[in-house]
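Quick caveat, the model's predicted, so the values are computed rather than measured. Every chain is numbered from 1, with letters handed out A, B, ... down the list of sequences.
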Protein chains: 2
Amino acid sequence: MLINTRPDPSPSAHDRTYRGLRTRIMHGEIEPGFALTLRGIGKEFGVSMTPAREAVRRLVAEGALSLSSSGRVATPDLSNERIEELAALRSLIEVELASRALPRAHMALIDRLQMINGTITTMVETHDSVGYIRTNLEFHRTLYLRAQAPAMLAMAETVWLQLGPTMRKLYGKMRRNEAPHFHRHIIAALKAGDEPGLRLAVRSDVTQGLRMLTT
Amino acid sequence: MLINTRPDPSPSAHDRTYRGLRTRIMHGEIEPGFALTLRGIGKEFGVSMTPAREAVRRLVAEGALSLSSSGRVATPDLSNERIEELAALRSLIEVELASRALPRAHMALIDRLQMINGTITTMVETHDSVGYIRTNLEFHRTLYLRAQAPAMLAMAETVWLQLGPTMRKLYGKMRRNEAPHFHRHIIAALKAGDEPGLRLAVRSDVTQGLRMLTT
DNA sequence: ATGGGTGCGATGTGATCACAAACCGGGTCA
DNA sequence: TGACCCGGTTTGTGATCACATCGCACCCAT
């Protein structure tokens, strides 16, 4: 009766457009500063301008897109200060999410995380930066889902969304030859039930990428 | 040239509608579960359905409004678990904001906070719950503006927005006869440059209201 | 009298259109 | 040669319309 957790049986045109754009942005498939047009988005998703505009407005509200003064829409090119803020937000929220997930982390979850981490290694080896970002986010989301904190998770995803295009630039320029080793620390802390260690590992993993950009 | 921090010289119809609704929601002028209609919103702000729909979509994206399965829009009626999450988010983000504002807090800021706190007392005495919520938020925003962290502040305001209608219910039912005394602790810690004290005071102030609801 | 079906009004959705502003050329003149 | 102007084109905005869906109340049959 009140269970509306169903993912929506008939996705509206607006929702398809929104989800499509959102995924592309979050996974870093669009470079910072790239300009989009409503008619172009509409044509791409087979809808008219109206749903395209709603999807764009929604993404602007979430900080995934930037609206210039004349209404032109583009992916944002973040300043270093803003990147630092967003990294700090990631750290704050995700450390809390990990901490809440810890007591509920069964062995099945840890196995799944290890499997995802293996996929990340594959992505690194094949130099698939989009796949790397997507799988890395899947690693974090899988862990945080156990926290049973949907509002916090939504907040964290909003931050990921804002960092999407920048992550593309970041991981594009860094010589990456191995999966993030802090993921192993996270898994180890989960196994040991070590909360301080988990918090430190998550914080380190989240803020490691930042150092590449602002220095 | 690139300075588009100007608050927008000609507010569009969509923006007026959005801001109007947002203010009313954040200040607790609408009770939880109240239903709105696009045509009603349009008539109220003198615009057509299109800008009204965009404003609603934006507010839904920010969690300020809830979209039922059939597309009907209403202010959300939050569960206790969600309220706890949002309170925890407020605590995480606002403690960080206060901490970042501390080194930049001059005497003029402290004076201004004390003045706002006086206004809060007035609001309490006149039983103006909307005015109370508005002035209380002004107190926090004035402090956090000094942190020079716009992304974090935006995140905090999003949380306020989601809690708006619930705050109305909360402050409506509590017998309140004095301004929140943790505000005095905040001001004292600012004066003393006491960061741990400030963090504790902010955390206490933010989570105090929660206890009224979930118990 | 009451339960269920039916039709009308209200509501959200998406497409289309008219319009204004912005952008991007080329062409012209100093 | 270079800067400036100007017109065509692109783009966002907001209004309006047609339509599907939902809710609700009224009415009829049992």
I need the [atom1]-[atom2] distance between [X] and [N], as an integer number of Å.
X	N	atom1	atom2	result
B/Met49	C/dT16	CE	P	17 Å
B/Leu38	C/dG14	CG	P	12 Å
B/Leu67	C/dT13	CG	P	6 Å
B/Ile41	C/dG12	CD1	C1'	12 Å
A/Leu65	D/dG12	CG	C1'	15 Å
B/Phe45	D/dG14	CZ	C1'	17 Å
B/Lys43	C/dA10	NZ	C1'	12 Å

Check whether the side chain of [X] and the base of [N] form a donor-acceptor pair under 3.5 Å.
X	N	value
B/Arg39	C/dG12	yes
B/Thr50	D/dA15	yes
B/Arg53	D/dG14	no
A/Arg57	D/dG12	no

Taking the side chain as C-beta and beyond, is there a heavy-atom pair between [X] and [Y] under 4.5 Å?
X	Y	result
B/Arg168	B/Glu31	yes
B/Leu153	B/Glu157	yes
A/Asp205	A/His140	yes
B/Leu59	B/Arg22	yes

Consider the side chain of [X], meaning its heavy atoms from C-beta on, and name the nucleotide among [options] that approaches it most closely.
X	options	result
B/Pro51	C/dT13, C/dA15, D/dG14	D/dG14
B/Ser48	D/dG12, D/dT16, C/dG12	D/dT16
A/Ser12	D/dT13, C/dG14, D/dG14	C/dG14
B/Arg72	D/dC22, C/dT13, D/dA15	D/dC22

Report task. Compute the angle between the rotation axes at the two ends of the helix from C/dA1-D/dT30 to C/dA30-D/dT1, each taken over five pairs, rounded to 10 degrees. Result ->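 Axis-to-axis angle, ends of the helix: 10°.
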Query raised in the report: Does B/Glu54 come within less than 4.0 Å of B/Arg58, counting only side-chain N to carboxylate O?
Result: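 Here B/Glu54 does not pair with B/Arg58 in a salt bridge, since their nearest N and O are not under 4.0 Å apart.
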Report task. Salt-bridge test for A/Arg82 and A/Asp77: reply yes if a basic N is under 4.0 Å from a carboxylate O, no otherwise. Result ->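 A salt bridge is absent here (no side-chain N lies under 4.0 Å from a carboxylate O).
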Query raised in the report: Can you find a side-chain donor-acceptor pair between A/Tyr18 and A/Glu62 that sits under 3.5 Å?
Result: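 Their side chains do contain a donor-acceptor pair, which is all the 3.5 Å distance test asks for.
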Query raised in the report: Looking only at side-chain N and O atoms, does A/Ser70 come under 4.0 Å of OP1 or OP2 in C/dA22?
Result: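 Negative; the distance criterion is not met.
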